[in-house]
S.K.: 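Pasting in a structure now, in structure tokens, and then I'll have a few things to ask.
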Amino acid sequence: MISQVKLKDDVDDETCELVNGVELIIGEDEDSVHAYLLKAVKNNNGTGVLLLSDVMGFEDPLTRDFAYRVACIGYNVLIPDLFRGNPWKKDQPITDFQHWLSRQSPKRVAKDISLSAKWMTDEFVAAGISKKLGIIGFCFGGGHLVETLARDEQAYFGTGVCFYGTNINPSLSSSIKVPVLFICGDNDPLCPISSQQEMEKNTRGSKLKIYSGRGHGFAHRPNSEEEDEDAEAAFAIMRNWLHDNLLVRKDHS
């Protein structure tokens with residue numbers, strides 16, 4: 001049994017003094033999902049964020065580092081294992097990628113995301129508050145973020161931040177009812193700017209931020225000092241976006 005989320009009074013504190021991390025199993029039997037939860041301690045703002053990883057999975061150090069930073073600014077961040085223990089590994093031949101990807105059933109991934117969102121929502125309701133969740137997605141997770149928000153019939157989410165989402169279907173934009181921040185580079189073959197622009201145009205209240213010269217993954221996997229600077233800038237924009245759309249509008253439904 002997982003203990004309920006403990007909430008602290010909101011504190012205006014720029015310093016990350018303590019973040020608790022715990023491995024979870026959500027659900028039961030074959031429908032269970034492994035996940036990792038990071039909880040801000042001193043400055044917990046009582047708001048949950050679901051983070052959908054790229055193909056490297058929920059145990060990837062860079063993904064967890066990013067989630068830790070989000071927790072540092074006050075959020076409770078849940079990273080579900082979207083690949084059921086079988087993420088893509090760097091040492092695998094790239095020729096195997098499409099075969100590996102074909103084994104990641106979109107229906108199963110969607111079910112696992114929904115289960116994770118429901119778990120987070122139930123935790124916060126049990127803790128005595130009811131706020132909309134945020135959702136962040138990288139690459140593969142960014143594509144599923146769009147699909148998740150488009151089918152969010154339970155209205156779990158208040159906003160989303162999509163980092164260079166792959167395989168995005170722009171036609172889903174009309175079904176998204178919350179503002180989304182789209183972040184990408186203009187040198188990313190996996191995330192066409194045209195699809196991002198269409199999403200921004202047709203998703204009410206959304207915003208697109210394009211970084212010149214940047215390729216895929218720069219915000220959470222920077223490979224140079226220049227990319228690191230843009231990664232920091234993107235994190236700051238994301239931070240403000242989450243604050244404005246989850247905390248300032250916390251009573252907005």
Side-chain angles (χ1 to χ4, degrees), residues 2-7 22 24-28 31-40 44-53 58 63 66-67 70-71 73-82 106-138 140-163 165 168-169 172-182 199 203-207 238-239 241-253:
I2 302 303
S3 62
Q4 303 300 330
V5 176
K6 292 185 176 66
L7 304 177
V22 61
L24 306 175
I25 298 178
I26 299 170
E28 299 179 353
D31 289 329
S32 64
V33 178
H34 287 259
Y36 191 64
L37 176 68
L38 297 107
K39 297 193 294 182
N44 195 306
N45 59 34
T47 305
V49 172
L50 187 63
L51 194 155
L52 308 182
S53 74
F58 85 124
T63 296
F66 193 98
V70 177
I73 57 177
Y75 296 93
N76 303 278
V77 186
L78 183 71
I79 321 170
D81 176 11
L82 302 181
K107 184 176 180 180
R108 194 269 306 156
V109 172
K111 184 177 179 181
D112 289 351
I113 292 171
S114 295
L115 180 65
S116 300
K118 184 179 185 303
W119 182 86
M120 286 202 88
T121 300
D122 290 347
E123 285 283 286
F124 287 109
V125 169
I129 62 170
S130 180
K131 289 184 181 179
K132 300 288 188 180
L133 302 176
I135 183 170
I136 299 170
F138 297 119
F140 175 92
H144 280 277
L145 175 150
V146 169
E147 295 175 8
T148 298
L149 291 179
R151 64 169 181 269
D152 185 24
E153 296 177 359
Q154 292 79 20
Y156 288 138
F157 299 101
T159 193
V161 182
C162 181
F163 287 92
I168 284 179
N169 180 359
L172 295 175
S173 59
S174 60
S175 298
I176 297 176
K177 302 298 190 294
V178 299
V180 182
L181 172 63
F182 296 94
M199 291 297 300
T203 306
R204 185 177 179 181
S206 293
K207 178 180 178 181
M238 176 204 71
R239 175 178 182 163
W241 184 270
L242 292 177
H243 177 269
D244 291 347
N245 289 284
L246 290 178
L247 304 185
V248 174
R249 302 179 186 177
K250 62 186 177 183
D251 297 322
H252 179 70
S253 60

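For this chain, numbers begin at 1 and follow the sequence in order.
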S.K.: Is any side-chain heavy atom of Ile79 closer than 4.5 Å to one of Leu38?
M.R.: yes
S.K.: Are any non-hydrogen side-chain atoms of Leu247 and Asn45 less than 4.5 angstrom apart?
M.R.: yes
S.K.: Any side-chain heavy atom of Val161 sitting closer than 4.5 Å to one from Leu145?
M.R.: no
S.K.: When rounded to the nearest 0.5 angstrom, what is the spacing between CG in Asn76 and CG in Leu37?
M.R.: 6.5 Å
S.K.: If you define the side chain from C-beta out and look only at heavy atoms, does anything of Thr63 sit under 4.5 Å from Tyr36?
M.R.: no
S.K.: Any donor and acceptor pair, going by atom type alone, linking the side chain of Asp152 with main-chain N or O of Thr148 inside 3.5 Å?
M.R.: no
S.K.: How long is the gap from CG on Leu51 to CD1 on Ile136, to the nearest 0.5 Å?
M.R.: 5.0 Å
S.K.: Taking atom CZ of Arg151 as the centre, report whether more than 12 heavy atoms of other residues, nucleotides or ligands fall under 6.0 Å from it.
M.R.: yes
S.K.: Taking side chain as C-beta onward, heavy atoms only, is Leu24 less than 4.5 Å from Trp119?
M.R.: yes
S.K.: Please find the pair of heavy atoms, one from Asn245 and one from Pro179, that lie closest to each other, and give the distance.
M.R.: OD1-CG, 3.3 Å
S.K.: For Ile168 and Gly143, work out which heavy atoms get closest and say how close.
M.R.: CG1-CA, 4.0 Å
S.K.: Would you please name every residue forming a side chain to side chain contact (heavy atoms under 4.5 Å, CB included) with Val109, sequence neighbours left out?
M.R.: Leu82, Ile113, Phe140, His144
S.K.: In Å and rounded to the nearest 0.5 Å, what is the CZ to CG distance from Phe157 to Leu149?
M.R.: 6.5 Å
S.K.: Is the shortest side-chain heavy-atom distance between Pro80 and Leu50 below 4.5 Å?
M.R.: yes
S.K.: Rounded to the nearest 0.5 Å, how far does CD of Gln154 lie from OG1 of Thr121?
M.R.: 9.0 Å
S.K.: Can you classify the ring geometry of Phe66 versus Phe163 as parallel (below 30°), tilted (30 to 60°) or perpendicular (above 60°)?
M.R.: perpendicular
S.K.: Ignoring hydrogens, what is the shortest heavy-atom contact between Val49 and Tyr75? Give both atom names and the distance.
M.R.: CG2-CD2, 3.8 Å
S.K.: Atom CG of Leu78 and atom CZ of Phe58: how far apart are they, to the nearest 0.5 Å?
M.R.: 10.0 Å
S.K.: How close do Cys162 and Gly142 get, counting heavy atoms only, and between which atoms?
M.R.: SG-O, 3.6 Å
S.K.: Let's go through Val248 and His243 carefully: what are the C-alpha distance in whole Å and the side-chain angles of both, what is the deciding distance for side chain to side chain contact (heavy atoms under 4.5 Å, CB included) to 0.1 Å, and is it a yes or a no?
M.R.: CA-CA 6 Å; Val248 174; His243 177 269; 3.4 Å; yes
S.K.: Are any of the side-chain heavy atoms of Thr159 and Leu246 separated by less than 4.5 Å?
M.R.: yes
S.K.: Just by distance, do the side chain of Lys39 and the backbone of Val77 share a donor-acceptor pair under 3.5 Å?
M.R.: no
S.K.: Does the side chain to side chain contact (heavy atoms under 4.5 Å, CB included) test come out yes or no for Ile135 and Leu52, once each step is laid out?
M.R.: CA-CA 8 Å; Ile135 183 170; Leu52 308 182; 3.8 Å; yes
S.K.: Please answer whether the main-chain N or O of Ser175 pairs with a side-chain N or O of Lys177 as donor and acceptor at a distance below 3.5 Å.
M.R.: yes
S.K.: Quick one: salt bridge (charged side-chain N to carboxylate O under 4.0 Å, His left out) pairs with a partner in residues 110-120, sequence neighbours left out?
M.R.: Asp31-Lys111, Arg84-Asp112, Arg108-Asp112, Lys118-Asp122
S.K.: Got a second to check how far Phe182's CZ is from Lys207's NZ, nearest 0.5 Å?
M.R.: 13.0 Å
S.K.: Would Phe124 and Tyr156 count as a close aromatic pair, with their ring centres under 6.0 Å?
M.R.: no
S.K.: Just so I know, are the side chains of Met199 and Ile176 near enough to count as touching, which here means a heavy-atom distance under 4.5 Å?
M.R.: yes
S.K.: For a quick test of reading the model, state the closest non-hydrogen atom pair linking Leu133 to Ala117 and the distance between them.
M.R.: CD1-O, 3.6 Å
